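Working notes for the structure below.
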Amino acid sequence: SFLQLKLWNKYRVSNIPSLIFIDASSGKVVCRNGLLVIRDDPEGLEFPWGPKPFSEVVAGPLLRNNGQTLDSSALEGSHVGVYFSAHWCPPCRSLTRVLVESYRKIKEAGQKFEILFVSADRSEDSFKQYFSEMPWVAVPYADEARRSRLNRLYGIQGIPTLIVLDSQGDVITRQGRVEVLNDVECREFPWHPKPVLELTDSNAVQLNEGPCLVLFVDSEDDGESEAAKQLIQPIAEKIIAKYKAKEEEA
């Protein structure tokens, strides 16, 4: 029915079963990954399962691939890319190759940026092999509870996913994968969402994530696409501002 479809769209459900917890008084989503919650917390000790700050969820030792450990407090004051990935997944491996270059460019430009690898590998050996290619830090593979809490915090439904956080630990974009592939030179870092995007192969995935307005134009030659952009830009900005005021994702 229409109502069912509206609910699927509203909560961006892309696979089932899906369990989403909502605060009845405000209508806000408390937790997108309800299935992980009841697996991790069958006794309900953490109820009401609301979102915790990134610094709290990530707290603990982190690894470098040379075996060094450092405390998660070392991430404070940096932009952080939280990277959910696994060696068994081919799109993950190809994104990692691009991401290694992006990471190098951003660091060389003097930006404070760190990437945190949250593994979905199927064994410690496979994690070690994959992590050996990465110049950043990781949650220890053995710390399954912390990896799971990070998955829950961001409602991860598929990999590879790269969530970009500002230096306060707030989400700038959930579309880090698209941004990295679209901006190989990292000129737009830290990739604040644009109200209007040009449709490309790599960002078309966003068409599945909620209602989209797609404007078709005849040609690029006569400035038509620029004029079209200027037409819809103020409308898009108004919509984004409205959601921001409600503290919701646009």
Side-chain angles (χ1 to χ4, degrees), residues 54-55 58 61-121 126-141 147 150-151 153-154 156 158-206 209 220 229 240 249:
F54 169 70
S55 57
V58 78
L62 302 176
L63 291 179
R64 291 203 177 278
N65 64 15
N66 61 4
Q68 269 186 321
T69 61
L70 67 161
D71 189 73
S72 57
S73 59
L75 300 175
E76 284 167 21
S78 293
H79 284 79
V80 177
V82 190
Y83 184 36
F84 298 86
S85 187
H87 190 261
W88 52 262
C89 144
C92 292
R93 292 201 300 276
S94 55
L95 179 62
T96 297
R97 284 193 289 275
V98 178
L99 199 50
V100 167
E101 285 305 302
S102 302
Y103 178 77
R104 191 177 54 77
K105 283 174 188 158
I106 292 164
K107 300 280 269 192
E108 279 174 5
Q111 302 263 21
K112 293 191 80 176
F113 181 50
E114 196 48 76
I115 292 177
L116 174 67
F117 172 41
V118 183
S119 167
D121 288 292
S126 147
F127 161 75
K128 280 184 177 150
Q129 182 194 343
Y130 194 28
F131 187 40
S132 70
E133 303 162 21
M134 301 180 184
W136 44 75
V137 298
V139 176
Y141 184 80
R147 289 191 289 124
L150 284 158
N151 271 279
L153 179 61
Y154 298 115
I156 301 303
I159 56 173
T161 294
L162 178 67
I163 311 260
V164 183
L165 310 178
D166 66 16
S167 52
Q168 270 67 56
D170 295 323
V171 173
I172 292 176
T173 179
R174 303 175 60 86
Q175 300 292 341
R177 175 193 186 180
V178 171
E179 297 292 355
V180 163
L181 295 174
N182 273 351
D183 179 25
V184 178
E185 292 305 315
C186 307
R187 290 197 180 100
E188 308 277 332
F189 177 82
W191 302 302
H192 287 279
K194 291 191 188 75
V196 179
L197 290 175
E198 209 157 295
L199 193 57
T200 64
D201 286 351
S202 56
N203 66 26
V205 62
Q206 287 170 255
E209 296 190 355
E220 299 216 337
K229 221 179 229 178
I240 283 180
E249 269 183 69

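Worth saying up front: this structure is predicted, and the values here are computed from it rather than measured.
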What is the minimum heavy-atom distance between S132 and N65, and which atoms define it? O-ND2, 3.3 Å
Nearest-0.5 Å distance that lies between atom CD in Q68 and atom CG in L62: 12.5 Å
ring-ring contact (aromatic ring centres under 6.0 Å, His included) partner of H79, chosen from F189, W191, F113: F189
Nearest heavy-atom approach of I159 to A86 is CD1-CB, 3.7 Å
Measuring from atom NZ of K194 to atom CD of Q175, what distance do you get when rounded to the nearest 0.5 angstrom? 12.5 Å
Compute both the distance and the angle, then confirm whether R93 meets the cation-pi test with Y130: under 6.0 Å from the six-membered ring centre, within 45 degrees of the axis. no
Reported OH-to-CD1 distance for the pair Y83 and I163, which is rounded to 0.5 angstrom: 12.5 Å
Looking only at heavy atoms, which two atoms of R174 and T161 are closest? And how far apart? O-CG2, 4.4 Å
Just wondering, do L116 and F54 contact through their side chains at under 4.5 Å, heavy atoms? yes
Atom pair NZ/CZ of K105 and R187 - distance to nearest 0.5 Å: 9.0 Å
d(E114 CD, L70 CG) to nearest 0.5 Å is 8.0 Å
T96 vs F117, test: side chain to side chain contact (heavy atoms under 4.5 Å, CB included). Steps then yes/no. CA-CA 10 Å; T96 297; F117 172 41; over 6 Å; no
So which heavy atom on V164 is nearest to which on P190, and how close? CG1-O, 3.8 Å
How long is the gap from CZ on F127 to CG on L63, to the nearest 0.5 Å? 5.5 Å
Any heavy-atom pair between the side chains of Y103 and P135 that's under 4.5 Å? yes
Quick one: closest heavy-atom pair of D121 and H87, and the distance? OD1-N, 2.7 Å
For the residue pair F84 and R147, establish whether any side-chain heavy-atom pair is separated by less than 4.5 Å. no
Write down the atom of D183, the atom of E188, and the distance for their closest heavy-atom approach. OD2-N, 2.7 Å
